[in-house]
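Computed over heavy atoms, backbone and side chain alike; hydrogens, waters and symmetry mates excluded. Within every chain, numbering begins at 1; the chains are lettered A, B, ... in the order of the sequence lines, protein sequences first and strands thereafter.
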Amino acid sequence: MDYKITPRAEDYSRWYNDVIMAAQLADYAPVKGCMVIRPNGFALWENMQRALDDMFKATGHQNAYFPLLIPESFLKKEAEHVEGFAPECAMVTHGGGKKLEEPLVIRPTSETIIWSMYKNWIMSYRDLPLLINQWCNVIRWEMRTRLFLRTTEFLWQEGHTAHATAEEAEAEARRMLGVYTTFAEDWMAMPVIAGVKTEKEKFAGAVRTYTIEAMMQDKRALQAGTSHNLGQNFARAFDVTFLDDKGTRDFVWATSWGVSTRLIGALIMTHSDDRGFVLPPKLAPTQVVIVPIYRKEAERTAVLKAAARLRVELKERLRVHLDDRDQYTPGYKFHDWEQKGVPLRLELGPRDLQNEQVVLVRRDTGAKQTAPQAGLADACAALLDDIQQALYDRALTLRRENSFTVSSYDELKARIDEPGGFFWAYWNGATEDEVRLQEETKATIRCLPFEADESPLKDSLEGTCLLTGAPTSQRVVIAKGY
RNA sequence: CGGGGCGUAGCGCAGCCUGGUAAGCGCGCCUGCUUCGGGAGCAGGAGGUCGGUGGUUCAAAUCCACUCGCCCCGACCA
């Protein structure tokens, strides 16, 4: 379809929406804040799911499914949890033409209903660890919504694990954050900063929340995944205890972790350009699109025959599509597939048949090259690997070029809007200082990063707190976020 | 919830102030012919109770009242 994309520099929000519409990833639904994920978007989500699910299985998790509807009283059992989620819960008050005795909450997250079941399933240390994941939809009544980034209903995955010791739960939370980091960097080609959320930013009901934070092209931070050490909070709320091998009874230790369709938004804002969507090859539903070029009927027959042969050959190893639509010109198809983000375009015309070659055009750089038809699958695979790496490198460069050290609060305030970016600083403040920071700068502490590799602070181990001036070794990354 | 904007063909819009042969444009869609290495050209064609309700009037897309919905910017969040 013909669709004009607003340039990023002109209006970043409109650009984001235009990319989604042009690539036909999603569309607005009749209900406010809800979206339809269209086949192009869903195929991408399926690829993300597959990669993540394989990693979950490889780390010993099993999938299950818990109900959409949760008794309201369950939410209320964990004090912080209910306080955090109550404002954004949708409720079912009627069913079967009658008012329900107890309203049912449409899950905003499933900790409560899952732990109500774990109570029955966990008796002894022999039942632990319990490692369960579910793929589902959730609803959170958001005030302001944006396609993929924040919608009333979204798709996600939520892992819920139970452990015998605090150490095991902690290790699990960290391990799954590692899985998310690997997925973000190796599959999405999106570099992330892994770290701990502050007390203020942590999940309602958690002891500690871990996060991966990515820099979008407008230099804002996006939380791309979270993992929580829930301690014994939910075990206490739902009275889930077990006997250890010495016959001692204790509450079970828990974690939960999730990523959502928000990752699609992250992908868009990490790699796409003014011509439209850009997909990393490893997640692209179509990795190579073949565009045949011909004039006369005889050419058409010969080119399509050769194109079909190449398609079969490439199909062995790659996800390939032959665009043999007769009613569109090659130029139209070039634009069409560029908007849709297909990493590699393969052009095949009469000239190429004569020379037994093809023309390959990469989506990320637009670079055009010819390649012999012999050994084409190898050449395409190599090029796709190269694109995957180039996307990562480019995103990492953007982050590096827009990461700064600040040593005073005034300096932060002077630079947070312009030039903007990630600001590394020492921090020892309390929650009220964090609130003040947020109110005065509109930025937030994204996390306390684990690693200092990327940090301009990497060579120093101690400094003074940005707000209080007290000596501290605690580092934070501050940025405006989504 | 506060501030701003908008509802007219599938999409993007003009028309409204100054009521009356203005239901109009571009893109898309359909048919045919010519085209096809960066969004093809020409010709013909289909498609709209002007968001809804009520009012003013001889006459309403146009004026008035009410109402519904959506988008954008701020307070919450994956």
Side-chain angles (χ1 to χ4, degrees), chain A residues 1-6 11-14 16-18 21-22 27-34 83-89 108-109 137-158 180 197 200-204 209 211-214 221-228 256-266 275-276 291-297 299-300 303-304 323-339 345-355 357-359 361 366 368 370 435 438-439 442 444 481-482:
Chain A
M1 295 297 121
D2 185 32
Y3 204 97
K4 178 84 169 61
I5 295 172
T6 307
D11 186 332
Y12 194 82
S13 292
R14 277 183 59 190
Y16 176 78
N17 282 328
D18 287 350
M21 292 301 171
D27 203 352
Y28 292 100
V31 177
K32 180 179 164 64
C34 292
E83 193 186 329
F85 280 103
E88 46 188 301
C89 283
T109 180
N137 58 340
V138 291
I139 283 190
R140 297 182 187 178
W141 219 261
E142 301 290 350
M143 295 177 192
R144 247 189 88 196
T145 56
R146 291 191 71 183
L147 293 174
F148 290 115
L149 295 178
R150 184 169 304 105
T151 44
T152 299
E153 179 185 13
F154 57 94
L155 306 184
W156 78 344
Q157 142 289 303
E158 47 179 327
Y180 291 157
K197 281 289 187 190
K200 178 176 174 295
E201 298 285 328
K202 77 173 193 202
F203 177 76
T209 289
T211 178
I212 52 173
E213 300 281 331
L222 182 81
Q223 179 174 316
T226 53
S227 176
H228 316 290
S256 68
W257 27 274
V259 294
S260 71
T261 39
R262 172 180 245 203
L263 288 177
I264 295 175
R275 318 185 85 178
V291 178
I293 297 156
Y294 46 78
R295 295 164 194 259
K296 300 186 272 294
E297 186 57 31
E299 285 178 350
R300 178 175 181 274
V303 168
L304 284 180
D323 187 354
D324 59 1
R325 289 177 296 177
D326 209 17
Q327 57 275 45
Y328 292 103
T329 62
Y332 178 92
K333 293 176 183 176
F334 295 168
H335 283 267
D336 191 34
W337 294 108
E338 274 171 9
Q339 287 185 334
R345 179 173 78 238
L346 192 160
E347 302 174 16
L348 185 71
R351 282 208 297 275
D352 303 309
L353 290 194
Q354 280 204 324
N355 301 329
Q357 64 173 32
V358 300
V359 174
V361 185
K368 199 178 270 203
T370 57
V435 170
Q438 191 169 343
E439 283 174 353
K442 304 294 177 199
T444 49
Y482 274 95

The side chain of [X] lies closest to which of these nucleotides: [options]?
| X | options | value |
| --- | --- | --- |
| A:Y328 | B:G39, B:G37, B:C29 | B:C29 |
| A:Y294 | B:C36, B:A40, B:A78 | B:C36 |
| A:H335 | B:G37, B:G39, B:C36 | B:G39 |
| A:R262 | B:C73, B:A78, B:G39 | B:A78 |

How would you label the contact of [X] with the nucleic acid (heavy atoms, under 4.0 Å): base, sugar-phosphate, or nothing?
| X | value |
| --- | --- |
| A:P350 | base |
| A:V138 | nothing |
| A:G349 | base |
| A:L263 | nothing |
| A:E338 | base |
| A:D326 | nothing |
| A:S13 | sugar-phosphate |
| A:T370 | nothing |
| A:R351 | base |
| A:R146 | nothing |
| A:Q223 | sugar-phosphate |

Backbone N/O of A:R325 and side chain of A:D323: donor-acceptor pair under 3.5 Å
yes
Check whether any side-chain N or O of A:T209 sits under 3.5 Å from a backbone N or O of A:F203 as a donor-acceptor pair, and report yes or no.
yes
Can you check whether [X] has a side-chain N or O nearer than 4.0 Å to OP1 or OP2 of [N]?
| X | N | value |
| --- | --- | --- |
| A:K442 | B:A75 | yes |
| A:R150 | B:A78 | no |
| A:T329 | B:A40 | yes |

So, taking the atom named CZ in A:R140 and the one named OG1 in A:T152, what distance separates them when rounded to the nearest 0.5 Å?
12.0 Å
Gap separating the CG atom of A:N17 from the CD1 atom of A:I5, nearest 0.5 angstrom
11.5 Å
I'd like the [atom1] distance from [M] over to [N], given in whole Å.
| N | M | atom1 | answer |
| --- | --- | --- | --- |
| B:G19 | B:C66 | P | 22 Å |
| B:A23 | B:C27 | P | 23 Å |
| B:U31 | B:G51 | C1' | 34 Å |
| B:C72 | B:C30 | C1' | 36 Å |
| B:G38 | B:G47 | P | 37 Å |
| B:A61 | B:A22 | C1' | 10 Å |
| B:G74 | B:C11 | P | 28 Å |
| B:G4 | B:G12 | P | 24 Å |

Could you tell me which nucleotide pairs with [N] by Watson-Crick or G-U wobble geometry, both distances under 3.5 Å, or answer none if nothing does?
| N | result |
| --- | --- |
| B:A78 | none |
| B:G69 | B:C6 |
| B:G54 | B:C64 |
| B:C25 | B:G12 |
| B:C33 | B:G41 |

Rounded to the nearest Å, what distance is computed from the [atom1] atom of residue [X] to the [atom2] atom of nucleotide [N]?
| X | N | atom1 | atom2 | value |
| --- | --- | --- | --- | --- |
| A:R14 | B:G12 | CZ | C1' | 11 Å |
| A:R345 | B:G37 | CZ | C1' | 10 Å |
| A:L155 | B:A78 | CG | C1' | 13 Å |
| A:R144 | B:G4 | CZ | P | 16 Å |
| A:Y28 | B:C70 | OH | P | 12 Å |
| A:Q438 | B:G74 | CD | C1' | 13 Å |
| A:L222 | B:A78 | CG | C1' | 8 Å |
| A:K200 | B:C77 | NZ | P | 7 Å |

Report yes if some heavy atom in the side chain of [X] is under 4.5 Å from a heavy atom in the side chain of [Y]; otherwise report no.
| X | Y | answer |
| --- | --- | --- |
| A:Y482 | A:Q223 | no |
| A:M21 | A:D27 | yes |
| A:R300 | A:D326 | yes |

A:F154 stacking on B:A78: centroids under 5.5 Å, ring planes under 30°?
yes
Mark yes or no for a side-chain to base donor-acceptor pair under 3.5 Å between A:R275 and B:G39, with no hydrogen or angle criteria applied.
no
Any N or O donor-acceptor pair linking the side chain of A:D352 to the base of B:G37 at under 3.5 Å?
yes
Syn/anti state for B:A61 [syn: chi within 90° of 0]:
anti
Identify the heavy atoms of A:Y16 and A:L147 that sit nearest to each other, and give their distance.
OH-O, 2.7 Å
